[in-house]
Amino acid sequence: MSATKNKRNIELYKGVDFRRELTFREKKVAEIKREKMKILADVKPVPKYMITVDLSHARGNLDALRMCLSELEWKQYPFGRKDQHCDIHWQCQNFEQNPDLYGGKVNKFPGISCICSKNNLFRVLDQMRALYPDDYDFYPRTWYLPEQLQQLAHDIRKMNEKRVKPRPTFIVKPDTGSQGEGIYLIRDVQDYLVNNGRANVCQEYLSDVFLIDKFKFDLRVYAVLKSVDPLELYICKEGLARFSTVPYESPTSRNIHETFMHLTNYSLNKKSTSFNRSDRDDEGSKRTLTSVFSRMQRHGYNTDKIWKRIEHIIVKTMIAIIPDMKIEMLAALPPNKPGPTCFQILGFDILLLHNLKPILLEINSSPSLRIDSEVEVAPGVVDYVPSPKDEEVKIPLIRDTLLLVAPKKKVNYLESQKRRRARRERRRQKRDEDDRKRKEEEASRPPVQHERDGVIHVETQHPRSSIVIIKSQEDDDPPKKLNRESSFLLPSVHNVFTNRNENDYFNKDQNQNSLKNDEMDSLTFGYGERTDFIDRIEDDENVTVERLTRENLIDHENSHTKEMYSKSNIGNKTSTGNQYDQDIDNTGNEINNDMRYSDNKDSDYMIGQGDGCHNDRGTEESSNSEEEIDSEPYVSCLKELYPDPLAKKFEHLRIYEKLAEVFMVSLGVRATQRLGPTGFRTFSRKCRLNKKGITNATIDILFIDMQRKWEHVNPERTTGKPGLGFRGFLDACHEIARRKFANGNMLQTMEDFIDYCLDNLHEDQLFQARCNPRLLPRRARPHGYPILEPMVSPTSPMILEENIGVLLESRLAGRNYSKPTSAEDVDQFLRRHGQLRALKTTVKRVKSRNKKKEKDE
Ligand code: ADP
């Protein structure tokens, strides 16, 4: 048996090249080792307050991000982080690219690329324009092809009949195209190329545009959407201007095909031979927005007004697409599923008309964040070189976006750490500078020596030297330890103004307590730091140390100098005296400091600091003054647009969000974005549309009609997806409102319809749960809605309406509770006082009581 096995093994090994096998194994081992190291690097504990960023899907944004992250000193994970989520996940493509995220923040909202596609965006804006024609007049008239080809043909014919001047031109753009791909101009419907059913939008071509140096340009304005619910929106103060590369002329049949004249895309124009790569502010085919605006200002244009209009365009556009985003969020991140929170940088393309009116061309959901540009170094060979203008705009944009969305606590902590480090560094530099200056000063001033009766007295100019007087015990017989040098000192008093450390005195290698031969005259006691040294000298039997305060030092010195110089004939007596005075004056304060700090318990710490000047208090003082410098607020390139300051101005435009809530309730608890026939019936039943004379049969027919209509709206996106999307549902609502709530004005009609639906829906449990799941007992919460994440924030006006108001009134009646005033208070109140079950019974009671009252009356 074993023999056959051996034989089989031999057979097996026959064909194996063992050398190859070995190298293969080595490679495998090395790979495993590398993998291990990577895991270890991942597992390495990260400080609690470190902000972590996952860059594994960042691709084209990587360079810019890395620059920002190293500047911020946050931790980056180029390969992602195993088993743990990061604080921020940066993805180059869309949300769906990384579906396994369960925490942190991600830089993409689900479904936003679809929402911002040209076809969808302009349909959404059209629905808003139907209600608010004056507010939504900032984009060109749009036809959706091939669906509206007939309509387009009809409109062109009419314009031609009217002989509109200049002759109208149209621009056709593929729905999913970008970077100018597949765009062309037409003047007649026959020029339209039917691309195998591919969806296109066709827009009126705006020929009367504002030119700079005869070139057409468009503006790329960046906005940061921080949150959808509640809506939080920021605008970047800096942007880009992209110029065409052929001087502009109004479209004619001759120049209609000139891409470099009519299209301003960077990706197209960079291929032009006349593309200007100048890095100067006021030149080049790509410039910063501020440089363009300042040039316009110089020519007398009011750019503030243009900017304000651009801000309004951004807010209004976001208000239009927010309902769709909420629905996408519900499908991708249902409340019972853990998931990340989202934010996103959006690029708005704006064209300036000749009258300076800004026009929205499109929203780019993944604007390029590259900071390099392609250069053709040889024919057919391209290289990437850094692009300073892109860096100038995109680095602050990314950095401030990261700062905006990162956990606040961590950001604050890291910033304070950084400030502290910078302060320390500044202080160190200042100290070094001072030391250098002092040394230079000392070096340039030679020590003054006086010699009389064989005694040499050396004055030093050390600004911080304190003065210690060492007295010999026996005047006639100088102490042994001060043997040879004592002849250089006064018999009883030795002034020492020196600059050496204690070891010079306590020369441990030789006789203890003996001064080095050549350093007798160079001992210094820096105030506040050498007290232990002086103490040790005092312990020496043969030496007496006298500590002098500033006053008695002056007295002593004066008397001593007088005594000394009265004996001498040296002429510069007064000047020397002055020098002393000055020295003392300079150091006087420090001597006082010495007295103060010698008692300080932390004197050891201060000795360790080395420089008497930088004591604890000094640190505090300097840090205070530096704190003032530091406390200059950091100026972000992002400016808040919503809620502050534009919420009040545009809140009334958020009408479709209410219908989005109705739509979400009708969807049920499934994670879907489309409404089936049953869902549509449920909507009709819950909103009690039958009371308005709408039968189930009407509802079914309407559903089928709308489904058919919207199926053909965008064949690329809707084929194979049954049901009605939100925009189809909105269309159906318009139809119902038109039939049953007609009120002359379309806006009024729609408002009446929405109010009616909401009134009836307030009774519905699921609706209430969607408004605020906390208001329901746990059993009744659909699919365990998390308590802390209500679908609609408690401040939503819906919660505050009617039912809660009535309930609170009734609950509070006759009790001593103070009536809650704000939305948060209401929420807190409900949580504290018995929650909704009790509330619901009260609602019923109040309602029946009201009815009774009405009857009685
Ligand atoms: P893409 O997403 O492919 O870049 P855009 O909508 O941004 O498509 O259009 C590309 C360029 O075409 C714009 O930069 C602009 O110069 C020009 N353009 C687009 N629409 C119009 C228009 N309605 N009128 C005039 N020029 C337009």
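These numbers were taken from a predicted model, which means no experiment stands behind them. Order of appearance sets the numbers: ligands from 1, and atoms from 1 within every ligand. Side chains included, hydrogens not; waters and symmetry mates left out as well; all remaining heavy atoms used.
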Identify, for [atom], the protein heavy atom at the shortest distance, and state residue, atom and that distance.
atom                    : answer
atom 12 (O) of ligand 1 : L263 CD2, 3.2 Å
atom 23 (N) of ligand 1 : E204 O, 3.1 Å
atom 24 (N) of ligand 1 : L206 N, 2.9 Å
atom 3 (O) of ligand 1  : G180 N, 2.7 Å
atom 14 (O) of ligand 1 : T264 OG1, 2.7 Å
atom 7 (O) of ligand 1  : E362 OE2, 3.2 Å

Between [Y] and [X], is there a salt bridge with N-O shorter than 4.0 Å?
X    : Y    : answer
K649 : E311 : no
D349 : K173 : no
E735 : R738 : yes
E362 : K118 : yes
R298 : D282 : yes
D281 : R295 : no

task: Using a 4.0 Å heavy-atom threshold (strictly under), name the region of L351 that reaches ligand 1: side chain, backbone, both or neither.
output: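 It is the side chain that touches ligand 1; the backbone stays farther off.
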message: Heavy-atom distances under 4.0 Å decide this one: backbone, side chain, both or neither, for K173 against ligand 1?
response: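 Near ligand 1, K173 shows its side chain, while the N, CA, C and O stay back.
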- prompt: Taking the minimum heavy-atom distance to atom 10 (C) of ligand 1, which of N265, L361, I359, I363 ranks first?
  reply: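 Checking each option, the heavy atom nearest atom 10 (C) of ligand 1 is found in N265.
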message: I want to confirm something. Looking only at heavy atoms, which of K216, H262, R242 is nearest to atom 26 (N) of ligand 1?
response: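 Result: the heavy atom closest to atom 26 (N) of ligand 1 is in K216.
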- request: Measure the acute angle between the ring planes of Y248 and H262, then classify it against the limits of 30° and 60° as parallel, tilted or perpendicular.
  value: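 Rings of Y248 and H262: perpendicular, as their planes differ by over 60°.
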query: In terms of ring plane angle, is the pair H312 and F650 parallel, tilted or perpendicular, where the classes change at 30° and 60°?
result: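 Ring orientation of H312 relative to F650: perpendicular.
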Enumerated ligand 1 atoms positioned under 4.0 Å from heavy atoms of [X]:
X    : answer
Y205 : 24 (N), 25 (C), 26 (N)
D349 : 7 (O)
D218 : 14 (O)
K118 : 1 (P), 2 (O), 3 (O), 6 (O), 8 (O)
I183 : 3 (O), 8 (O), 9 (O), 10 (C)
P140 : 23 (N)

With sequence neighbours excluded, residues passing side chain to side chain contact (heavy atoms under 4.5 Å, CB included) with I256: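 Partners of I256 under the side chain to side chain contact (heavy atoms under 4.5 Å, CB included) test: T169, L185, R187.
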Side chains of residues 316-324: which donor-acceptor pairs under 3.5 Å do they make with residues two or more places apart or in other chains?
unit_1	atom_1	unit_2	atom_2	d
K316	NZ	D135	O	3.1
T317	OG1	I313	O	2.6
D324	OD1	R727	NE	3.2
D324	OD1	R727	NH2	2.4
D324	OD2	R727	NE	3.2

field: Short side-chain to backbone donor-acceptor contact, D213 and F215, under 3.5 Å
entry: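 No, D213 side chain to F215 backbone: no donor-acceptor pair under 3.5 Å.
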- request: Report yes if some N/O of I171 lies less than 3.5 Å from some N/O of ligand 1; otherwise report no.
  value: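 The answer is no, given that I171 and ligand 1 share no N or O pair closer than 3.5 Å.
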